[in-house]
J.: 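Dumping the structure here so I can ask a few things about it.
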Amino acid sequence: MSVDAVTVAALRQELAQALEGGRIDKIHMPAKTEVHLSGRAARGAFRLLLSVHPQRARAHLTSVSRENPQTPPMFCMLLRKHLINGRFAGLVQPPSERVLHFYWDAADEMGEISRKTLVIEMIGRHANIILVDAESRVIDCLRRVDAEMSPERPVLPGLFYRDPPKRGTPPPEGKPVEGPVSEALDALYTKRDLEEQLRQRSSALTKKAKTTRDKLLRKAGILRQELHDAQHREPLRQKADLLMANLHRVGRGDPSVTVEDFYNGGQPLTIRLDPAKSQQQNAAALYKAYAKAKNAEAALSEQITLAERDAEYWESVLDQLSRVSGDRDLDEIRAEISPSRSPRGKAPKLSQPMRFRSSAGMTFRAGRNNRQNDLLTMKLASKNDVWLHAQKIPGCHVVIETNGAPPDDRTLYEAASAAAWFSAAKASPKVPVDYTAVKFVKKPPGAKPGMVVYDKFKTLLAEPDGTLLEGLRND
C-alpha cells in the first residue's frame, strides 16, 4: 500500500536534510510511473525516487540504479528542460497530507533563475507528479486530468495548481517507520516494483516460449507414437503374406476373411478387407503400408530428435527469462528469438558475459543468455580453458580462464556454483555440474543459440550460492 501521512512527515524531514545544498544532475524515468532525480548535495550524492504506482506511491532515496529506456518519455524530457542544474530550495508537506512539494531554483529559457515546484501526490490511484512554475501554474504533469475525469479538480498545463481535495487520509498503522525511512521503503518496495515491471515486460516473451515449447513437446509425442507404429510394422507384412496364401478363400466384395495364421501356430486370424478391391489389391496395400512404415522409421527418429532439441532450446529461453535483471536482458533475448524483428527499432549491441574473480584470483565468466553463451564458449574462450554447465538441464555456460594453468579446486567449485545458480536447478541444495576443456565442446551444424555437445567431461556436485557469487562479481 502507499505510504501514510505520518511516514510522509518522517520522509520530509529526512529528505530535506539529505537534499540540502543539492543540485540535480540527471533525471530518468525507468518506468512509466517512476521518476529518478540524481545529483550531489552537501552530504554527498543522492538519487531521489518518486513513484506514483497505484499501490506503492512513495518518495524516498534509493540505492538501486535502474536501466532506462533508450528513448526518454516526454515527461522526462520536460523535467530535464526545467530542472537540470536546479538547486534544492526546500521541501514542504501540506498538513496531514500524503503530498510533498519539492522546491528547486532553476534557470528558465532566458537564463533567469526561477522557482519550480515538483509536487508528488501519493494518494493511491489518484497519485500524480506535477511540475509547477513560480506563478503556481501547472507546467505539466505525469497524469493529465481533464474536467470530465475530475470536475472538481482538473490538472492540466496552464491551470493554477490547487491542493488535492480532502479525501481523508488513512489512519497511521502503528508507529512510524523507525530508522532511515528511505532505506526501509527502498528495501520494502523498490525490488518488488522492479520484479513486477520485468514480469509485465517479459510476459509476452514468456508466453511465446511456453507456447512454442509445449507445441514441440506435443509434436514429439505424436511422432513417437508414429515411430512406435512403424517399429511394430511386421503384422502388416504377415497379413499380406496370409492373404496371398489364401487367394481361393476370398470372394470379391468380401469385407473380411478368416485364415489360419501360420506365423502364430495356425491360430485363426480375421483380416479386414476393402470390398472395393480384389484380394491381390488388398495384399498389395498391406505390403505398401509395411514399406512406408519401414522407410519412415529413420525419418521419424530424426524428426523426434529435432523436436526435442528445439523444445530444450525454448526451455532454456524460459530459464533465462526467469533470471532477467533489466530491459537490456529482455531486449537481447527478444533479438535472439525474433532476429528479424529487432526491439525498439534496432538490434541491441550484445552485452558482455558476467565476470567473477575466484577466491584464488582466477577469472571465470558466465553467459546471461544463449547468445552470450555462444560468444563466451565459441569466441572468447581459449581451447584449454575449463567449460562448465549444469548437467542435463537449462543453464548458462561458465568458462574459467586458465592461461595455461589448471584451476585450483576452490576456483573449480566456485565456477561450478555459478553454473548451478544460473540454471533451472538453482532451488536445489546440490546440482551436478559437468566440466571439460573448451576444446571438447562443439556446436552441431544448424544448432540453436547456446546449444552445444561435449565429451571427455567430469562431474562434481555444487551448491547454488548466490551470496557467494555476489561477493565474487568483478564486472
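Sequence positions, counted from 1, serve as the residue numbers for this chain.
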J.: When you measure from the side chain of H228 to the backbone N and O of R224, does any donor-acceptor pair fall under 3.5 Å?
T.: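 No; judged by distance alone, with no hydrogens or angles, the pair does not exist.
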
J.: How close do A311 and L216 get, counting heavy atoms only, and between which atoms?
T.: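 Minimum heavy-atom contact is N-CD1, 3.6 Å.
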
J.: Can you tell me how far the CZ atom of R355 sits from the OG1 atom of T363, to the nearest 0.5 Å?
T.: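 Here the rounded value is 5.5 Å.
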
J.: Would you say that T402 contacts P407 through its side chain, given a criterion of any heavy-atom pair below 4.5 Å between the two side chains?
T.: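 Contact flag for T402/P407 side chains = yes.
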
J.: Take atom CZ in R410; do more than 12 heavy atoms of anything else shown fall under 6.0 Å from it?
T.: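 Atom CZ in R410 is crowded, with more than 12 foreign heavy atoms closer than 6.0 Å.
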
J.: Scan side-chain atoms only and decide if Q225 and D229 contain a donor-acceptor pair under the 3.5 Å cut-off.
T.: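 Yes, side-chain donor-acceptor contact under 3.5 Å.
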
J.: Evaluate the side chain to side chain donor-acceptor pair (under 3.5 Å) criterion for residues D193 and T190: first the C-alpha distance (whole Å), next the side-chain angles of each, then the deciding distance (0.1 Å), finally the verdict.
T.: CA-CA 5 Å; D193 276 354; T190 304; 5.9 Å; no

J.: Kindly say whether L243 contributes a backbone atom to a donor-acceptor pair with the side chain of N246 at under 3.5 angstrom?
T.: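 No, N246 side chain to L243 backbone: no donor-acceptor pair under 3.5 Å.
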
J.: List the atom of W314, the atom of T212, and the distance in Å for their closest heavy-atom pair.
T.: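 Distance-wise, the nearest heavy atoms are NE1-CG2, 3.3 Å.
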
J.: Stepwise, does the salt bridge (Lys or Arg N to Asp or Glu O under 4.0 Å) test hold for R328 with E332?
T.: CA-CA 6 Å; R328 183 163 190 170; E332 290 187 2; 3.7 Å; yes

J.: Would you please say whether a donor-acceptor pair under 3.5 Å links the side chains of R80 and H28?
T.: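 Yes, side-chain donor-acceptor contact under 3.5 Å.
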
J.: Determine whether K210 and E315 make a side-chain contact, defined as any pair of heavy atoms from C-beta on separated by less than 4.5 Å.
T.: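 Heavy-atom side-chain distance check fails, nothing below 4.5 Å.
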
J.: Do other residues, nucleotides or ligands put more than 12 heavy atoms under 6.0 Å from the CE atom of M77?
T.: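 Not buried by this count: 12 neighbours or fewer within 6.0 Å.
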
J.: Do we see a donor-acceptor contact under 3.5 Å between the side chains of Q391 and D434?
T.: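 Yes.
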
J.: Determine, stepwise, if the pair H60 / V181 fulfils side-chain contact (heavy atoms from CB on, under 4.5 Å).
T.: CA-CA 8 Å; H60 60 80; V181 188; over 6 Å; no

J.: So which heavy atom on A415 is nearest to which on L388, and how close?
T.: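 Shortest heavy-atom contact: CB-CD1, 3.9 Å.
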
J.: Does the side chain of N369 come under 3.5 Å of the side chain of Q320 through a donor N or O and an acceptor N or O?
T.: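 Note: N369 and Q320 side chains miss the donor-acceptor criterion.
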
J.: Do D465 and S417 meet the criterion of a side-chain donor-acceptor pair at a distance under 3.5 Å?
T.: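 Side chains of D465 and S417: no pair found under 3.5 Å.
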
J.: Is it true that K443 and D374 have a side-chain N and a carboxylate O under 4.0 angstrom from each other?
T.: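 Counted as a salt bridge, because a side-chain N and a carboxylate O are separated by less than 4.0 Å.
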
J.: Is it true that R357 and E414 have a side-chain N and a carboxylate O under 4.0 angstrom from each other?
T.: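 Looking at R357 and E414, the cut-off is not met.
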
J.: Just how far is it from atom CG of D475 to atom CZ of F356, taken to the nearest 0.5 Å?
T.: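 That separation rounds to 7.0 Å.
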
J.: Can you check side-chain contact (heavy atoms from CB on, under 4.5 Å) on L100 and V8, steps first, answer last?
T.: CA-CA 8 Å; L100 287 173; V8 172; 3.8 Å; yes

J.: Compare all side-chain heavy atoms of T377 with those of K442 and state whether any distance is below 4.5 angstrom.
T.: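 The answer is no, as the side chains (C-beta and beyond) never meet within the 4.5 Å cut-off.
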
J.: Strictly by modelled atom types, are Y313 and N370 linked by a side-chain donor-acceptor pair under 3.5 Å?
T.: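 There is no such pair (donor and acceptor under 3.5 Å, judged by atom type) between the side chains of Y313 and N370.
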
J.: Drop me the distance from L461's CG to E463's CD, to the nearest 0.5 angstrom.
T.: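 So the CG of L461 and the CD of E463 are separated by 11.5 Å.
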
J.: State, yes or no, whether a side-chain contact exists between M354 and R368 at a heavy-atom distance under 4.5 Å.
T.: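 In contact.
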
J.: Please check this pair: side chain of D186 against backbone of S182, looking for a donor-acceptor N/O pair closer than 3.5 Å.
T.: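 No; judged by distance alone, with no hydrogens or angles, the pair does not exist.
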
J.: Any donor and acceptor pair, going by atom type alone, linking the side chain of R199 with main-chain N or O of L194 inside 3.5 Å?
T.: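 Checked: no pair found.
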
J.: Is there a donor-acceptor contact under 3.5 Å from the side chain of Q281 to the main chain of S278?
T.: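 Looks like yes, one N/O pair under 3.5 Å.
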
J.: Ignoring hydrogens, what is the shortest heavy-atom contact between L273 and V250? Give both atom names and the distance.
T.: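 What the structure gives for the nearest pair is CD1-CG1, 3.6 Å.
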
J.: I'd like to know if the side chain of D146 reaches the main chain of M149, judged simply by a donor and an acceptor atom lying under 3.5 Å from each other, with no hydrogens or angles considered.
T.: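 The answer is yes, because a donor-acceptor pair under 3.5 Å joins these two groups.
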
J.: If you look at every heavy atom in R98 and I123, which pair is closest and at what distance?
T.: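 Between these two residues, the closest heavy atoms are NH2-CG2, 3.9 Å.
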
J.: Would you please say whether a donor-acceptor pair under 3.5 Å links the side chains of T7 and D4?
T.: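 There is such a pair between these side chains.
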
J.: Do E312 and R213 sit within salt-bridge range, that is, some charged N less than 4.0 Å from a carboxylate O?
T.: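 A salt bridge is absent here (no side-chain N lies under 4.0 Å from a carboxylate O).
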
J.: Looking at E234 and R237, does any basic side-chain N land under 4.0 Å from a carboxylate oxygen?
T.: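 Answer for the salt bridge query: yes.
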
J.: Under a 4.0 Å N-O cut-off, is there an ion pair linking D319 with K426?
T.: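 Between K426 and D319 there is no salt bridge, as every charged N stays at least 4.0 Å from the carboxylate O atoms.
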
J.: Using a strict 4.0 Å threshold on nitrogen-to-oxygen distance, state whether D331 and R334 make a salt bridge.
T.: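 Salt bridge present between D331 and R334.
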
J.: How long is the straight-line distance from OG1 of T62 back to CZ of F46, given to the nearest 0.5 Å?
T.: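 Going from the CZ atom of F46 to the OG1 atom of T62 covers 13.0 Å.
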
J.: Under a 3.5 Å threshold, yes or no: a donor from one side chain and an acceptor from the other, between S338 and K208?
T.: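 K208 and S338 do have a side-chain donor-acceptor pair below 3.5 Å.
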
J.: Name the orientation class of the two ring planes belonging to W387 and H397 (parallel below 30°, tilted from 30 to 60°, perpendicular beyond 60°).
T.: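 Rings of W387 and H397: perpendicular, over 60°.
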
J.: Would a 4.5 Å heavy-atom cut-off, applied to side chains only, mark C396 and N373 as touching?
T.: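 Sidechains of N373 and C396: in contact.
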
J.: Do D329 side-chain atoms and S325 backbone N/O form a donor-acceptor pair below 3.5 Å?
T.: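 Checking the backbone N and O of S325 against the side chain of D329, a donor-acceptor pair under 3.5 Å is found.
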
J.: Roughly how far, to the nearest 0.5 Å, is OG of S51 from OH of Y189?
T.: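 The OG atom of S51 is 10.0 Å from OH of Y189, to the nearest 0.5 Å.
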
J.: Given the rule in the ring pair (Phe, Tyr, Trp, His ring centres under 6.0 Å) test, do F440 and Y454 qualify, once you have shown the distances and angles that lead to the verdict?
T.: CA-CA 6 Å; F440 299 127; Y454 56 94; over 10 Å; no

J.: With a 4.0 Å cut-off, would you call E401 and R365 a salt bridge?
T.: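 So E401 pairs with R365 through a salt bridge.
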
J.: Report yes or no: does S203 contribute a side-chain atom to a donor-acceptor pair with the main-chain N or O of Q200 at less than 3.5 Å?
T.: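 Between the backbone of Q200 and the side chain of S203 there is a qualifying donor-acceptor contact (under 3.5 Å).
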
J.: Where the side chain of S423 meets the backbone of A425, is there a donor-acceptor pair that is under 3.5 Å apart?
T.: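 Yes, because the side chain of S423 sits within donor-acceptor range (under 3.5 Å) of the backbone of A425.
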
J.: Could you verify whether a donor N or O on one side chain and an acceptor N or O on the other, from H36 and E34, lie under 3.5 Å apart?
T.: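 A donor-acceptor contact under 3.5 Å links the two side chains.
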
J.: Please assess T211 against K207 for the test side-chain contact (heavy atoms from CB on, under 4.5 Å), listing each intermediate value before the final yes or no.
T.: CA-CA 6 Å; T211 300; K207 181 179 180 181; 4.1 Å; yes

J.: Of all heavy-atom pairs between A245 and H248, which one has the smallest distance, and what is that distance?
T.: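 Closest heavy-atom pair between A245 and H248: O-CE1, 4.1 Å.
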
J.: Answer whether the closest heavy-atom distance between the side chains of I400 and M362 falls below 4.5 Å.
T.: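 A side-chain contact under 4.5 Å exists here.
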
J.: Below 4.5 Å, heavy atoms only, C-beta onward: do V399 and L380 meet side chain to side chain?
T.: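 Side chain of V399 against side chain of L380, heavy atoms only: no contact under 4.5 Å found.
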
J.: State whether the side chain of R143 and the backbone N or O of A127 hold a donor-acceptor pair below 3.5 Å, judged by distance alone.
T.: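 Yes: the side chain of R143 pairs with the backbone of A127.
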
J.: Looking only at the side chains, is there a donor atom on one of T270 and S256 sitting less than 3.5 Å from an acceptor on the other?
T.: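 Judged by distance alone, the side chains do not pair up.
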
J.: Looking at residues at least two apart in the chain, or sitting in another chain, which of them share a salt bridge (charged side-chain N to carboxylate O under 4.0 Å, His left out) with E196?
T.: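 R56.
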
J.: With side chains defined as the heavy atoms from C-beta onward, is the minimum distance between S358 and F364 less than 4.5 Å?
T.: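 Yes, side chains in contact.
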
J.: For L217 and E308: C-alpha separation, side-chain torsions, deciding distance, then whether side-chain contact (heavy atoms from CB on, under 4.5 Å) applies.
T.: CA-CA 7 Å; L217 291 175; E308 291 179 338; 5.8 Å; no

J.: What's the separation between atom CD in Q55 and atom OG1 in T33, rounded to the nearest 0.5 Å?
T.: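 Reported value, rounded in 0.5 Å steps: 10.0 Å.
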
J.: Please check if the number of heavy atoms outside K430 that lie under 6.0 Å from its NZ is greater than 12.
T.: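 Yes.
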
